[in-house]
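Being a predicted model, the structure only gives us computed values, none of them experimental. Atoms considered below: every heavy atom in the structure, side chains included; atoms not considered: hydrogens, waters and symmetry mates. Each ligand, and each atom within it, is numbered from 1 in the order the structure gives.
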Amino acid sequence: MGRDPRFDILFEPVQIGPVTAKNRFYQTPHCNGTGDWTPRALAGMREMKAAGGWGVVCTENLMVDTHSDINPFPAVRLWSDEDIPAQELMVDKVHGYGALAGCELAHFGIASHNRITRKVPLGPVSHMTMEGIDPTQSKAMDRSDIRRFRRRHREAALRAKRAGFDIIYLYMLHENSILSQFMSSRINLRTDEYGGNLENRSRLFREVLADTKEAVGDKCAVVVRIGAAQLVREPYFENGEIHDFIAMHAEEPDLWDVVVNDWSFDSPTSRFGKEGHEEEHIAYVKALTSKPVVGVGRFTSPDTMVSQIRRGVIDFIGAARPSIADPFLPRKIEEGRIDEIRECIGCNICISGENTFSLMRCTQNPTIMEEWRRGWHPEEAPPAAASASNGPVLIVGGGPAGLECALTLARRGFDVALAERSDALGGRVLAESALPGLGEWIRVRDYRVQRLLEMGNVELYLHSELTTEQVLEFGAPQVVCAIGARWRADGVGRAHLAPVVAPETPHVFTPEDVIAGRISAGSALIYDDDGSYLGPALAERLHNDGCEVCIVTPHTTFARWTAYTLEQGRLMGRMVEQGIDVVTARTLVRFEHGVARFECNFTGRESDFEASSLIMVTSRLPNTWLYKALARDQQGLRTAGIVGLHEIGDCRAPGLIAHAIYAGHELARTIDGEPEADIHYHREFTMPAPGREFS
Ligand code: ADP
Ligand code: SF4
């Protein structure tokens with residue numbers, strides 16, 4: 001099927017200064033939790049975007065100088081010529097598919113702690129360092145510091161050009177750019193020609209822009225990435241000033257890459273931002289400039305994309321998360337396969353990688369960052385070995401683990417039978433997506449179920465709660481247990497190693513009870529030792545159902561894990577708006593006769609909370625019984641002809657939906673292979689082996 005002509009405009013070439021993008025799909029710079037210790041994995045990930053049809057593929061921040069070391073946050077460096085080969089690797093891969101390669105040069109100024117380089121942080125003034133907790137301040141840059149910074153930025157731009165980049169960024173995003181810090185009237189209180197009015201405060205920007213254009217502008221587009229609207233409470237600049245700044249320099253860059261500030265507004269989870277969420281804040285930019293504008297907005301629908309372009313909001317469809325969830329999104333639109341787009345669900349698990357300093361994961365795309373390490377392709381998997389023709393793989397459980405396993409097996413050519421106990425597929429995804437704000441998460445199920453329904457080699461059985469005997473009778477040579485987990489009601493979790501509440505205690509509930517609507521009135525107390533997205537979502541649901549809600553957590557901060565997905569502050573705001581009480585650092589001691597007793601973590605002082613229901617969000621019990629019973633019955637397995645018995649997802653080890661998807665995918669790729677090696681992926685070494693260059 002060919003492309004729908006309505007979407008032709010998305011595939012028009014667009015000129016950016018001296019270079020031309022082949023289409024309007026623009027993967028904007030995005031971090032990935034690694035940094036320069038994984039050049040091959042990064043190149044493999046970016047290459048896949050180019051293969052998937054993105055016309056522009058950019059790096060994350062490339063630090064220009066040793067005064068900008070943001071360790072432990074992962075970063076790539078372009079400090080010296082030794083940093084060039086890793087970038088050449090990425091550029092060559094991206095060019096291999098006719099895409100432009102962009103690099104984002106950055107200096108974090110007072111947001112650099114320089115823990116590794118041990119240099120003093122630099123900034124327009126002496127200010128407490130940002131983005132960290134060290135009690136350190138920056139040095140106010142004098143003229144020689146400014147000259148040195150300009151020289152280092154220019155040298156980095158020249159290195160980027162030598163690496164082959166087509167697009168070179170000046171980074172003015174958020175508060176962590178030295179150029180934004182100079183521009184900020186709140187931070188920059190200098191009295192020399194770099195301080196005072198807007199013209200003076202943007203002098204350093206103009207100088208660096210001129211340096212860059214002079215150094216690389218013959219071959220490379222020089223673009224500016226800026227927070228075009230400040231949505232935080234105490235912004236660095238007034239929005240009017242950003243407007244004036246862009247107007248003042250409207251024609252100087254070859255392209256404006258515009259977002260909103262801060263990151264939690266720029267990459268909101270789907271409960272705080274729907275597709276196209278930035279339009280109202282950035283639409284003004286195009287009226288100020290004749291240069292092309294790229295903007296993001298978790299775009300996954302070609303209709304929305306076309307609409308934004310036709311209405312003159314943006315010229316390029318910028319994307320980070322949608323390109324992670326589906327690197328082949330442009331190709332699918334081009335080939336008329338819109339239904340096959342694996343849409344981002346806005347969960348920000350990818351971003352938690354950066355914030356936990358670890359390789360990013362994606363709930364929707366288990367192959368992300370595994371392109372080079374494990375040779376995984378997001379759309380293709382090797383055909384099944386000949387032994388696969390001996391009979392179907394039976395998957396028990398239709399949650400995310402079972403569905404992903406079924407889909408990848410079916411794509412490989414296996415016959416698949418999937419049995420699900422309930423009347424619908426989706427498992428926990430189906431349940432959790434019914435909670436307020438999590439509706440888009442159903443895309444995890446829908447994408448997989450739609451594909452499975454199209455495949456001739458898949459049988460889906462609903463209302464099919466399988467027993468051990470039925471599994472043995474089924475006659476499948478491979479059996480996969482993917483039967484999930486259930487929440488505990490006894491309080492065992494991180495804070496309690498032993499139960500604090502006896503079984504069957506009246507008025508004690510689990511998250512499943514809330515989702516099933518079993519609590520509809522009275523005072524509901526959520527005891528949240530899980531600390532994830534779930535506690536706040538349950539609180540909102542109970543509030544909507546008419547309960548008076550309080551969340552108590554043994555942790556020192558509310559929903560602490562959600563800091564990694566950029567939600568914590570906004571979720572807390574929502575709790576406050578809804579009148580949901582939040583109490584931290586209290587550990588549950590007991591619950592009797594509608595009274596919960598807690599102990600203060602710091603003083604041991606006890607306090608009582610009355611509640612008509614107590615909802616335990618502490619930990620889950622994996623449903624191990626099926627796997628264990630089958631594994632015990634070796635004779636039964638032999639008689640049934642079962643040669644492979646597997647356990648995946650939450651029934652093996654409860655985790656995020658992303659973990660279950662990964663487990664399902666991994667098993668489907670390896671089920672007919674050799675037993676897994678101890679080191680199951682290619683590692684990258686800082687020193688290449690003798691005589692070996694990057695390849
Ligand atoms: P995961 O995240 O590991 O996929 P879920 O809990 O989301 O786990 O999904 C497990 C699925 O397995 C649920 O949809 C549940 O209804 C189903 N299930 C549980 N026990 C059985 C069983 N004995 N037979 C068939 N399906 C089952
Ligand atoms: Fe989207 Fe979630 Fe994947 Fe990030 S992890 S790209 S937010 S689906």
Side-chain angles (χ1 to χ4, degrees), residues 30 32-33 267-271 273 298 300 319-327 329 342-354 360-369 378 394-406 417-433 438 440-441 443-445 447-448 460-471 474 479-487 512 533 564-567 620-627 629-630 647-664 667:
H30 71 74
N32 43 70
S267 296
T269 53
S270 49
R271 52 178 147 190
R298 217 159 46 77
T300 55
R321 291 175 295 172
S323 74
I324 295 167
D326 195 341
L329 185 149
R342 200 168 40 244
E343 292 181 286
C344 167
I345 66 168
C347 60
N348 283 3
I349 296 303
C350 49
I351 288 171
S352 75
E354 177 72 6
M360 81 173 152
R361 285 174 178 270
C362 170
T363 303
Q364 280 282 56
N365 177 8
T367 67
I368 200 79
M369 300 308 285
L394 172 64
I395 298 174
V396 191
L403 290 175
E404 173 64 25
C405 191
L418 186 148
E420 164 56 42
R421 164 178 71 181
S422 70
D423 60 357
L425 295 166
R428 66 181 286 198
V429 168
L430 183 62
E432 292 177 15
S433 61
L438 304 187
E440 283 189 37
W441 291 22
R443 292 172 171 182
V444 172
R445 179 198 71 167
Y447 165 75
R448 290 169 177 81
L460 300 173
Y461 302 98
L462 296 178
H463 303 287
S464 302
E465 178 166 10
L466 296 196
T467 59
T468 318
E469 294 70 35
Q470 286 168 321
V471 170
F474 193 88
V479 173
V480 180
C481 302
I483 59 173
R486 60 200 186 280
W487 286 92
E512 288 98 339
Y533 59 88
Y564 300 137
T565 53
L566 309 177
E567 282 198 294
R620 285 177 284 163
L621 280 167
N623 295 328
T624 53
W625 64 269
L626 180 60
Y627 179 82
L630 289 166
E647 185 186 35
I648 54 167
D650 290 335
C651 66
R652 187 164 191 228
L656 294 165
I657 296 168
H659 294 110
I661 293 282
Y662 188 89
L667 176 65

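Distances between N or O atoms of Cys651 and those of ligand 1 include no value under 3.5 Å. Between Glu465 and ligand 1, no N or O atom pair is found at a separation short of 3.5 Å. Of the N or O atoms in Ser422, none lie within a sub-3.5 Å distance of an N or O in ligand 1. Backbone and side-chain nitrogen or oxygen atoms of Val429 are examined, and none is located within less than 3.5 angstrom of a nitrogen or oxygen of ligand 1. Close N/O approach between Leu466 and ligand 1 is found [any backbone or side-chain N/O within under 3.5 Å].
Residue contact check: Arg428 has heavy atoms under 4.0 Å from atoms 2 (O), 5 (P), 7 (O) of ligand 1. Using a 4.0 Å cut-off to heavy atoms of Gly398, the atoms of ligand 1 that qualify are 11 (C), 12 (O). Of all atoms in ligand 1, listed by their number and element, those nearer than 4.0 Å to a heavy atom of Trp625 are 23 (N). When each atom of ligand 2 is checked for a heavy atom of Gly346 under 4.0 Å away, the hits are 1 (Fe), 7 (S). Taking every non-hydrogen atom of Gly427 and a distance limit under 4.0 Å, the qualifying atoms of ligand 1 come out as 7 (O), 9 (O), 13 (C), 14 (O). Close approach to Arg321 involves these atoms of ligand 2, each under 4.0 Å from a residue heavy atom: 6 (S), 7 (S). Heavy-atom contacts of Ile345 reach the following atoms of ligand 2: 1 (Fe), 8 (S) (cutoff under 4.0 Å). The ligand atoms of ligand 1 that sit less than 4.0 angstrom from a heavy atom of Gly649 are 3 (O). Shown in contact with Ile349 at under 4.0 Å from a heavy atom are these atoms of ligand 2, numbered in order with element: 5 (S). Distances below 4.0 Å separate heavy atoms of Val396 from the following atoms of ligand 1: 22 (C), 24 (N), 25 (C). Taking a cut-off of under 4.0 Å to the non-hydrogen atoms of Thr363, the atoms of ligand 2 that pass are 3 (Fe), 5 (S). Interface of Pro400 with ligand 1, defined as ligand atoms under 4.0 Å from a residue heavy atom, comprises 1 (P), 2 (O), 4 (O), 7 (O). Listed by number with element, the atoms of ligand 1 under 4.0 angstrom from any heavy atom of Ala419 are 25 (C), 26 (N). Close approach of ligand 2 to Asn348 (heavy-atom distance below 4.0 Å) involves ligand atoms 2 (Fe), 7 (S).
Residue Ser270 holds its OG atom at 6.5 Å from CD1 of Ile345, rounded to the nearest 0.5 Å. The CZ atom of Arg445 sits 7.0 Å away from the CG atom of Leu425 when rounded to the nearest 0.5 Å. Rounded to the nearest 0.5 angstrom, Cys481 SG and Leu466 CG are separated by 9.5 Å. For the atom pair Ile661 CD1 and Thr363 OG1, the distance stands at 8.0 Å (nearest 0.5 Å). Summarising the geometry, atom CG belonging to Leu460 is positioned 9.5 Å from atom CD1 belonging to Ile395; distances are rounded to the nearest 0.5 Å. Put simply, CZ on Arg421 and OG on Ser464 are 12.0 Å apart, with the number rounded to the nearest 0.5 Å.
Here the side chains of Gln364 and Glu404 are not in contact, with every heavy-atom distance at 4.5 Å or above. Residues Arg342 and Pro378 have side chains in contact (heavy-atom distance under 4.5 Å, counting atoms from C-beta outward). Side chains of Leu656 and Tyr533 form a contact here, defined as non-hydrogen atoms less than 4.5 Å apart. For the pair His659/Arg361, a side-chain contact is recorded, criterion being any heavy-atom separation below 4.5 Å from C-beta on.
Formation of a donor-acceptor pair under 3.5 Å by the Asn623 side chain with backbone atoms of Cys651 is not found in this model.
With a 4.0 Å cut-off on non-hydrogen atoms, Ser464 touches ligand 1 through its backbone and not its side chain. Contacts of Ala660 with ligand 1, taken as heavy-atom pairs under 4.0 Å, involve the side chain alone.
In terms of protein heavy atoms, atom 10 (C) of ligand 1 is closest to Ala482 O, 3.3 Å. Counting protein heavy atoms only, atom 26 (N) of ligand 1 is closest to Arg421 N, 3.0 Å. From the protein, the heavy atom lying nearest to atom 21 (C) of ligand 1 is Ile483 CG2, 3.6 Å. The single protein non-hydrogen atom nearest to atom 4 (O) of ligand 1 is Ala401 N, 2.9 Å, given as residue, atom name and distance. Given atom 3 (O) of ligand 1, the protein heavy atom at minimum distance is Asp650 N, 2.7 Å. Protein heavy atom at the shortest distance from atom 2 (Fe) of ligand 2 is Cys347 SG, 2.4 Å. Scanning the protein heavy atoms around atom 12 (O) of ligand 1, the nearest turns out to be Gly397 CA, 3.2 Å. Nearest protein neighbour of atom 14 (O) of ligand 1, counting heavy atoms only, is Glu420 OE1, 2.7 Å. The shortest contact between atom 8 (O) of ligand 1 and any protein heavy atom is with Gly484 CA, 3.3 Å.
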Check against side-chain contact (heavy atoms from CB on, under 4.5 Å), Tyr461 and Leu394: CA-CA 11 Å; Tyr461 302 98; Leu394 172 64; 6.0 Å; no

Verdict with reasoning, Val480 to Val396, per side-chain contact (heavy atoms from CB on, under 4.5 Å): CA-CA 6 Å; Val480 180; Val396 191; over 6 Å; no

side-chain contact (heavy atoms from CB on, under 4.5 Å) assessment of Cys350 paired with His30: CA-CA 10 Å; Cys350 49; His30 71 74; over 6 Å; no

side-chain contact (heavy atoms from CB on, under 4.5 Å) evaluation trace for Ile657 with Val429: CA-CA 8 Å; Ile657 296 168; Val429 168; 3.9 Å; yes

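Remark: distances from the non-hydrogen atoms of Leu626 to ligand 1 are all 4.0 Å or more. Note on ligand 1: Tyr461 sits outside its first shell, no heavy atom being nearer than 4.0 Å.
Shown here is Arg652, whose CZ atom has no more than 12 heavy atoms of other residues, nucleotides or ligands within 6.0 Å. Within a 6.0 Å sphere centred on OH of Tyr564, heavy atoms belonging to other residues, nucleotides or ligands number 12 at most.
Screening residues 424-433 for salt bridge (charged side-chain N to carboxylate O under 4.0 Å, His left out), with sequence neighbours left out, gives Arg428-Glu432, Arg428-Asp650.
Between Cys362, Cys350, Cys344, it is Cys350 that holds the heavy atom closest to atom 4 (Fe) of ligand 2.
Tested against Glu343, the residues Arg321, Arg298, Arg443 include a single salt bridge (charged side-chain N to carboxylate O under 4.0 Å, His left out) partner, Arg443.
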